[in-house]
Amino acid sequence: MIRVVLIVLLAIALFAISMPALDDARTGITIDRMETEGDRIERAAGSVVADSMAVDERALAARSSLVVGPPTGFAAAPVERFALVDAERVDGVDDGHRVGASERTWIGLNAGVDFDADVMLAYRLQGAPTRTVPLSNPEGVGSLDIVGGRVDLRTDGESRLELRFVDGGDGPTVRIQRTG
């Protein structure tokens with residue numbers, strides 16, 4: 001009986017010692033997968049532009065859809081926030097309210113973000129600072145544009161994005177919006 005109790009206590013102690021390493025591994029896996037989601041969005045924007053021409057009429061524009069989502073499961077760290085952010089509208093009115101200091105921190109103004117990017121994938125892991133993945137423009141495109149300035153994505157499942165290649169006021173633009 002004493003052996004069983006000692007084995008159980010030893011197992012609990014080993015599990016407690018290994019938890020920080022497990023949390024670090026989960027965080028690393030989640031960061032890698034979020035960067036992969038950013039790459040997928042960049043590739044989808046490039047594919048909608050390939051062999052297409054930007055047009056004024058939204059209904060006639062080349063389009064594509066993409067399903068994105070944060071990693072889930074035992075090997076992934078919990079994600080508190082997940083969004084596509086338009087870097088140009090960060091200081092302005094966003095979703096009907098003034099962007100405050102805490103909101104600017106969430107989208108990365110104070111997180112050392114490269115603001116040469118038009119669009120960023122921003123996410124925050126539970127208990128951690130916000131991280132961002134700048135999305136580069138496809139070749140031959142003036143800009144990426146988020147319809148509405150920011151698109152909040154589901155943290156507990158998948159979100160469907162629609163990408164359209166339109167002729168915006170400043171040239172060819174890939175507009176991204178959430179459709180599901």
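Owing to the predicted nature of the structure, the values given are computational and were not obtained by experimental measurement. Keep in mind that the numbers below use all heavy atoms, side chains included, and drop hydrogens, waters and symmetry copies. Residue numbers run from 1 in the order of the sequence given.
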Connected via hydrophobic side-chain network under 4.5 Å: Leu66 and Val48: yes
Shortest non-hydrogen contact between Val79 and Pro70, atoms and distance: CG2-CB, 3.8 Å
Gap between atom OG of Ser136 and atom CD1 of Ile41 - 0.5 Å precision: 11.5 Å
Trace of the side-chain contact (heavy atoms from CB on, under 4.5 Å) decision for Leu6 with Leu10: CA-CA 6 Å; Leu6 287 176; Leu10 180 61; over 6 Å; no
Residue pair Ile31 / Tyr123, side-chain heavy-atom distance below 4.5 Å: yes
4.5 Å side-chain heavy-atom contact, Pro138 and Leu144: yes
Non-hydrogen side-chain atoms of Pro71 and Met34 separated by less than 4.5 Å: yes
Heavy-atom pair with the smallest gap, counting every atom of Ala122 and Thr132: CB-CG2, 4.0 Å
Same cluster (ILVMFWY, side-chain, under 4.5 Å), Val119 and Val151: yes
Gap between atom CG of Asp145 and atom OG1 of Thr173 - 0.5 Å precision: 6.5 Å
Glu158 CD to Leu153 CG distance, which is reported to the nearest 0.5 Å: 11.5 Å
Contact check, side chains of Asp118 and Leu135, non-hydrogen atoms, under 4.5 Å: no
Donor-acceptor pair, side chain of Arg154 and main chain of Val68, under 3.5 angstrom: no
Leu121 and Glu37: CA distance, side-chain angles, deciding distance, side-chain contact (heavy atoms from CB on, under 4.5 Å) verdict: CA-CA 8 Å; Leu121 178 68; Glu37 287 298 302; 4.1 Å; yes
From CD (Glu35) to CZ (Arg131), nearest 0.5 Å: 8.5 Å
Min side-chain heavy-atom separation Arg26-Pro78 under 4.5 Å: yes
Between Glu162 and Thr179, a side-chain donor and acceptor under 3.5 Å: no
Test item: Thr30 side-chain N/O and Ala77 main-chain N/O as donor-acceptor pair under 3.5 Å: yes
SB check Asp152 Arg150 (cutoff 4.0 Å): yes
Separation of Leu161 CG from Arg175 CZ (nearest 0.5 Å): 15.5 Å
Glu80 versus Gly127, closest heavy-atom pair with distance: OE2-N, 3.5 Å
Arg164 side chain vs Val174 backbone, donor-acceptor pair below 3.5 Å: no
ILVMFWY cluster, Leu125 and Ile29 together (side-chain gap under 4.5 Å): no
side-chain contact (heavy atoms from CB on, under 4.5 Å) assessment of Glu42 paired with Asp39: CA-CA 5 Å; Glu42 286 178 352; Asp39 292 341; 3.9 Å; yes
Side chain Arg63, main chain Leu163, donor-acceptor under 3.5 Å: no
